[in-house]
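Proteins get letters first, then strands, A, B, ... in listed order; numbering begins at 1 in each.
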2 protein chains.
Amino acid sequence: MTSLGGGSGERDGETATASRIRDAAIARFARDGFRAGLRTIAADAGVTAGLIVHHFGSKDGLRRACDEQVLEFMRREKEKALTDGTGTMLLAQMAQVEQFAPMVQYLLRSMQAGGQLAAQLIEHMIGDAEAYLSAGEAAGVVRPSRDRAARTRYLAYQATGSMLLWFTLHGADAEPEKFPVLFRRYMEELALPALELFTEGLLVDRSMLDEYLMYVPDPPSTPDNAADSDGTAS
Amino acid sequence: MTSLGGGSGERDGETATASRIRDAAIARFARDGFRAGLRTIAADAGVTAGLIVHHFGSKDGLRRACDEQVLEFMRREKEKALTDGTGTMLLAQMAQVEQFAPMVQYLLRSMQAGGQLAAQLIEHMIGDAEAYLSAGEAAGVVRPSRDRAARTRYLAYQATGSMLLWFTLHGADAEPEKFPVLFRRYMEELALPALELFTEGLLVDRSMLDEYLMYVPDPPSTPDNAADSDGTAS
DNA sequence: CACCAGATTAAACACTTGTTCAATCACCCG
DNA sequence: CGGGTGATTGAACAAGTGTTTAATCTGGTG
């Protein structure tokens, strides 16, 4: 196999070898984490370590190229499938495709490490969830919230974070071929409690919520909360 | 200050220097992650790198000692405060105490890396949540679930995972002194949507849940789900 | 005091890391 | 064919890693 036919081709101004290196790096970073050495990646791509820095400047440059590739891949795929508002479903679908699994795994690794890609991705997901939840509200299937932006962020963090933690603890590090089945297991384990919580809630009465609403002076709409730049300076 | 009076003293059979090294390691691991070098930790503790391996055998031995210390610290603290069933409140309280903040931060690092401590901790939290939710059900304030064990795991992963992700993305790495205020910000941002979701749910009608219950053949109780025996074995 | 065990150190070791450098190779243009 | 340009290599470098080893220091016991 000289080139992966499906997901990853050369970007403009990129030689075939460079993109091969980049793909090998994504796969290796996904498998071993970002502490993987340049020589290992070079061996995967059938080249030398020196050539990598010749093409990408440095290891950090290589990682930036990987980030960009994964992000653009996500952008492309997003239009081909409907999300459930949190991106979890989208990721689950992509992880089933053997070709795309490394990308998803790279993404998880990126979130473990907390890079810029992770932040961008989360913001994307929040944006999608915002649209999705708004549509749901308009259609009358989603309850309105007292603070829509806060709820959107909350749901996105919940969905993504729990998935991240689950994979971290269940050793998604190990064999990449286990990844798709792990993903399915996660979804199966999660579906019922999630649906229960979303349709029926957890608590029987409203006392805790009402107490909180009584206690907190801040009214529903806080425009500066959506930006999340700094917010509370005290 | 020769010894930290509050949280960390010598354990039995441990010299004062050893515990000083261990505490320095916890703080340094919390600050820089587990890739922190032995020489850095040694400098923090005012000793040499060789002495560390003399006392702990290896870097991994040192990390095991740190894990054990943090875990035992958590065990001790757990009895002094009521949890909200997920451990989040407990962590939030502890993070406010300047002395304990490194422990909490070490814990987050441990979950980022996915070690054994993280798995143990999550199991602890799930156990606590189990008891707490059961008590809530008995008291009539928590709705019963069709699969209590699955819901418990789900809630624990949600709470812990979203917190982990939030801190990873909001740069809890940087300044340790920012950690307590970051924690408070997280709780404030989270409280309203969480309470809303827990008391009112997200969806207006039950169609999605009913569809799922119709579609899935598996009845509520799956005994092998509660144990989750294999864990991180690979 | 002599002696020993443990704490502690400084230096070296073997290894990996990312990066640099000069040399070679391949190919395209004139 | 000549020449130049970028791809590519292998070796070297400097810095860092965890670990080992021999030596020194220290304190308690006979």
Side-chain angles (χ1 to χ4, degrees), chain A residues 2-3 8-67 106 109-110 112-113 115-116 173, chain B residues 2-3 8-67 106 109-110 112-113 115-116 173:
Chain A
T2 55
S3 72
S8 43
E10 296 104 73
R11 308 169 65 126
D12 26 270
E14 222 180 26
T15 162
T17 309
S19 75
R20 182 160 40 95
I21 291 176
R22 177 174 37 75
D23 291 345
I26 291 177
R28 179 54 67 175
F29 282 148
R31 184 188 300 251
D32 294 355
F34 293 111
R35 58 185 178 166
L38 280 186
R39 286 166 181 82
T40 310
I41 297 170
D44 288 349
V47 296
T48 324
L51 188 61
I52 296 184
V53 332
H54 168 70
H55 277 303
F56 298 94
S58 68
K59 182 180 184 178
D60 216 68
L62 172 63
R63 207 189 134 177
R64 270 194 300 272
C66 291
D67 278 15
Y106 180 98
R109 276 266 134 78
S110 205
Q112 283 180 343
Q116 196 182 357
D173 314 353
Chain B
T2 55
S3 71
S8 43
E10 298 107 70
R11 308 169 65 121
D12 24 274
E14 219 180 26
T15 162
T17 311
S19 74
R20 181 159 41 94
I21 292 176
R22 176 172 38 75
D23 290 346
I26 291 177
R28 180 54 68 176
F29 281 147
R31 184 187 300 249
D32 294 353
F34 293 111
R35 58 183 180 169
L38 280 186
R39 287 166 181 79
T40 311
I41 297 171
D44 289 349
V47 295
T48 324
L51 188 62
I52 296 185
V53 334
H54 168 71
H55 278 303
F56 297 94
S58 68
K59 183 182 184 177
D60 216 68
L62 172 64
R63 207 190 133 177
R64 270 195 299 271
C66 292
D67 279 16
Y106 179 98
R109 277 265 134 79
S110 206
Q112 283 180 341
Q116 196 182 357
D173 315 352

Report task. May I ask you to say what B/A36 touches in the nucleic acid, namely base, sugar-phosphate or nothing, with a heavy-atom cut-off under 4.0 Å? Result -> sugar-phosphate

Report task. Please confirm whether the backbone N or O of B/A45 pairs with a side-chain atom of B/R20, one donor and one acceptor, at under 3.5 Å? Result -> yes

Query - Sub-4.5 Å side-chain heavy-atom contact between B/K59 and B/V53 - result: no

**Report entry** Closest to the B/K59 side chain, choosing from C/dT19, C/dT8, D/dG18
**Finding:** D/dG18

Report task. Let me know the distance between CG of A/D32 and P of C/dT17, rounded to the nearest Å. Result -> 11 Å

Query - Non-hydrogen side-chain atoms of A/I21 and A/D44 separated by less than 4.5 Å - result: no

Query raised in the report: B/R39 has an atom CZ; how far is it from atom P of D/dA15, in whole Å?
Result: 14 Å

Report summary line: Between CZ of B/F34 and P of D/dT17 the distance, given in whole Å, is 16 Å

Report summary line: Of the listed D/dT9, C/dT8, C/dT17, the closest approach to the B/H54 side chain comes from C/dT8

Report task. Using atom CG of A/L38 as one end and atom C1' of C/dT20 as the other, report the distance to the nearest whole Å. Result -> 13 Å

Report summary line: Ranking C/dT19, D/dT19, C/dA7 by distance to the side chain of B/L51, first place goes to C/dA7

Query raised in the report: Mind checking whether B/S19 and B/T15 have side chains closer than 4.5 Å, heavy atoms only?
Result: no

Query - For atom CD1 of A/I41 and atom P of D/dT8, their distance in whole Å - result: 17 Å

**Report entry** Side chain proximity check, B/H54 to B/L51, heavy atoms < 4.5 angstrom
**Finding:** yes

Query raised in the report: CD1 of A/I21 versus C1' of D/dA7: gap in Å, rounded?
Result: 10 Å

**Report entry** Most 5' of A/S58 and B/I52 on DNA chain C, judged by nearest nucleotide
**Finding:** B/I52

Requested in this report: With the side chain of A/T48 defined as its heavy atoms from C-beta on, choose the nearest nucleotide among D/dG10, C/dT20, C/dT8.
Outcome: D/dG10

Report summary line: Separation of C/dA7 atom P from B/R20 atom CZ, nearest Å, is 13 Å

Query - Rounded interatomic separation in angstrom, taking CZ from B/R35 and C1' from C/dG18 - result: 14 Å

Requested in this report: Establish, with yes or no, whether the OP1 or OP2 oxygen of D/dT8 is under 4.0 angstrom from a side-chain nitrogen or oxygen of A/T17.
Outcome: yes

